[in-house]
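So the structure is just underneath, and the comments pick up after that.
We're numbering straight along the sequence, starting at 1. The shown structure was predicted, so the numbers you read here are calculated from the model rather than taken from an experiment.
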Amino acid sequence: MSNQTTLTEFLLLGFSDVRELQILHFVVFLVLYLASLVGNLLIVTAIALDHRLHTPMYFFLMNLSILDFGSISVTIPKSMVNSLMNTRSISYSGCVAQVFFFLFFASASCALLTSMAYDRYVAICQPLHYEMVMNRGYCVQMAAGAWISGILYSALHTGNTFTISFCGGNTVDQFFCEVPQLLKLACSDSYLSEVGVIVFGACLVLSCFVFITISYVQIFRAVLIIPSEQGRHKAFSTCLPHLTVVTLFLCTGSFAYLNPTSSSASDLNLLVTVLYSVLPPMMNPIIYSMRNKEIKAAVSKWMCWRLFSNNKMSICLLR
């Protein structure tokens with residue numbers, strides 16, 4: 001335990017020791033971060049301001065955008081600052097905060113994606129009961145449940161992680177404090193309780209995946225018997241973006257946490273971590289908006305309102 005109490009900082013993985021490449025890393029991550037920031041804020045703003053989008057599907061999407069922005073804000077800014085300042089350090093408390101908030105946003109997103117799958121199932125398979133089942137109160141309860149479950153799981157996970165003894169130094173082979181990489185620094189047998197929490201989390205993720213899979217099996221069965229081609233296209237256009245996001249997030253995240261960690265840094269581990277921690281928050285606005293006419297129309301209307309004066313508003317509304 002003495003090693004743990006005297007540990008004051010960790011050293012994160014640097015992408016390069018070459019100054020020019022460090023600057024390039026800063027610029028690339030800055031572009032990715034700004035793209036995610038702008039995309040998610042546009043979705044949140046459009047849904048909040050357009051009353052036509054005040055439906056359960058867009059309510060959950062707005063919550064997902066907030067979680068996405070929070071998730072990417074936990075990891076990228078610190079890595080950017082380290083590259084710009086030519087340093088690798090992160091304080092012990094900063095590492096604790098990264099683990100807690102990243103796990104919170106990730107686990108809440110998983111729960112919210114499950115709620116979104118249920119929303120699509122009711123909308124397509126039980127359309128006559130949709131307004132009664134997915135009423136405002138129930139949607140708020142589902143979203144609140146996702147946020148609260150994320151907080152509880154993150155607190156449990158973080159508490160177990162940082163009660164272990166670190167005997168393997170303080171160098172984390174990742175660009176942020178990732179739990180599997182922190183476990184590589186643990187003393188032998190002191191991390192068994194945390195492994196149990198990871199297994200518990202994997203079971204929860206598997207449960208969400210099974211529920212989402214069953215929901216979409218029922219959805220696709222219902223869609224295929226729709227007589228109208230236009231109706232099938234509309235149903236697929238609302239389901240495929242969500243299914244793409246779920247597949248990308250769960251598959252890459254599960255690989256990162258369940259793949260046995262080697263004793264040395266791996267380019268594959270780094271790539272997978274970028275895929276599940278950086279790519280989904282940046283791609284979600286693109287995936288949802290590209291196949292959603294309502295989102296594109298609401299964003300265009302809001303941008304026009306910001307760019308033009310009242311006497312020119314009619315130009316925007318005619319588009």
Is it true that L279 and V74 fall in one hydrophobic cluster, defined by side-chain heavy atoms closer than 4.5 Å?
yes

More than 12 heavy atoms of other residues, nucleotides or ligands under 6.0 Å from CZ of F59: is that the case?
yes

Contact between T8 and Y92 at the side-chain level, heavy atoms closer than 4.5 Å - yes or no?
no

Would you name the heavy atoms of G169 and L185 that are closest together and state the gap between them?
O-CD1, 3.8 Å

Heavy-atom donor-acceptor pair, Q98 side chain to C177 backbone, under 3.5 Å
yes

Surrounding CZ of R19 (heavy atoms of other residues, nucleotides or ligands, distance under 6.0 Å), is the total greater than 12?
yes

Can a donor-acceptor pair be found, under 3.5 Å and without considering hydrogens, that links the side chain of H54 to the backbone of A48?
yes

Write down the atom of S149, the atom of A111, and the distance for their closest heavy-atom approach.
OG-CB, 4.0 Å

Please give me the minimum heavy-atom distance between L113 and L64, naming the atom from each residue.
CD2-CD2, 3.9 Å

What is the distance from atom OH of Y121 to atom CD of Q126, rounded to the nearest 0.5 Å?
4.5 Å

Working to the nearest 0.5 angstrom, can you tell me the gap between L12 CG and N170 CG?
10.0 Å

If you compare the SG positions of C110 and C208, is the separation below 2.5 angstrom?
no

State plainly whether one hydrophobic cluster holds both L34 and V81, where clusters connect Ile, Leu, Val, Met, Phe, Trp and Tyr through side-chain heavy atoms under 4.5 angstrom apart.
no

Please determine whether side chain to side chain contact (heavy atoms under 4.5 Å, CB included) holds for the pair D50 and Y58, giving the CA-CA distance in whole Å, both sets of side-chain angles, and the decisive distance to 0.1 Å.
CA-CA 11 Å; D50 195 329; Y58 294 112; over 6 Å; no

Identify whether F220 and F209 are in the same connected component of the hydrophobic contact network (ILVMFWY, side-chain heavy atoms under 4.5 Å).
yes

T171 and R88: CA distance, side-chain angles, deciding distance, side chain to side chain contact (heavy atoms under 4.5 Å, CB included) verdict:
CA-CA 9 Å; T171 301; R88 298 171 54 195; 3.4 Å; yes

Measuring only between side-chain heavy atoms, which start at C-beta, is L67 closer than 4.5 Å to W147?
yes

Within a strict 4.5 Å, meaning less than it, do heavy atoms of the L156 and L152 side chains meet?
no

Roughly how far, to the nearest 0.5 Å, is CD of Q22 from CG of N86?
4.0 Å

Pair L182-C95, side chain to side chain contact (heavy atoms under 4.5 Å, CB included): steps then yes or no:
CA-CA 10 Å; L182 288 172; C95 189; 4.1 Å; yes

Side chain of S36, backbone of L32: donor and acceptor closer than 3.5 Å?
no

Approximate separation, where rounding is to 0.5 Å, of M142 CE and N63 CG:
11.0 Å

Can you tell me how far apart CD1 (I66) and CD1 (I43) are? Round to the nearest 0.5 Å.
11.0 Å

Straight-line distance of F102 CZ to T158 OG1, nearest 0.5 Å
11.5 Å

In terms of hydrophobic clustering (I, L, V, M, F, W, Y; side-chain heavy atoms under 4.5 Å; direct or indirect links), are V278 and L21 co-clustered?
yes

Do F176 and I90 make a side-chain contact, defined as non-hydrogen atoms from C-beta onward lying under 4.5 Å apart?
no

Considering all heavy atoms, the nearest P280-S277 contact:
CD-N, 4.3 Å

With distance as the sole test, does N82 use its side chain to make a donor-acceptor pair with the main-chain N or O of G14 at under 3.5 Å?
no

Between F69 and Y33, is the side chain to side chain contact (heavy atoms under 4.5 Å, CB included) condition met? List the steps.
CA-CA 9 Å; F69 174 64; Y33 183 68; 3.7 Å; yes

Close side-chain approach of S73 and F101, heavy atoms under 4.5 Å
no

Heavy-atom closest contact (I72 atom, P77 atom, distance):
O-CD, 3.5 Å

Only one of V28, V18, L84 clears side chain to side chain contact (heavy atoms under 4.5 Å, CB included) with I23; which?
L84

Looking only at non-hydrogen atoms, find the nearest pair between V274 and F175 and report the distance.
CG2-CE2, 3.9 Å

Does H25 reach the side chain of S79, with side-chain heavy atoms less than 4.5 Å apart?
yes

With a 3.5 Å distance limit and no angle check, can you tell me whether N160 reaches the backbone of H157 through a side-chain donor-acceptor pair?
no

Just so I know, are the side chains of P56 and Y130 near enough to count as touching, which here means a heavy-atom distance under 4.5 Å?
yes

Could you check R120, M134, M116 and say which one makes a side chain to side chain contact (heavy atoms under 4.5 Å, CB included) with M57?
R120

State, yes or no, whether a side-chain contact exists between V133 and Y118 at a heavy-atom distance under 4.5 Å.
yes

Assigning hydrophobic clusters by single linkage (Ile, Leu, Val, Met, Phe, Trp, Tyr; side-chain heavy-atom cutoff under 4.5 Å), is V217 placed with I212?
no

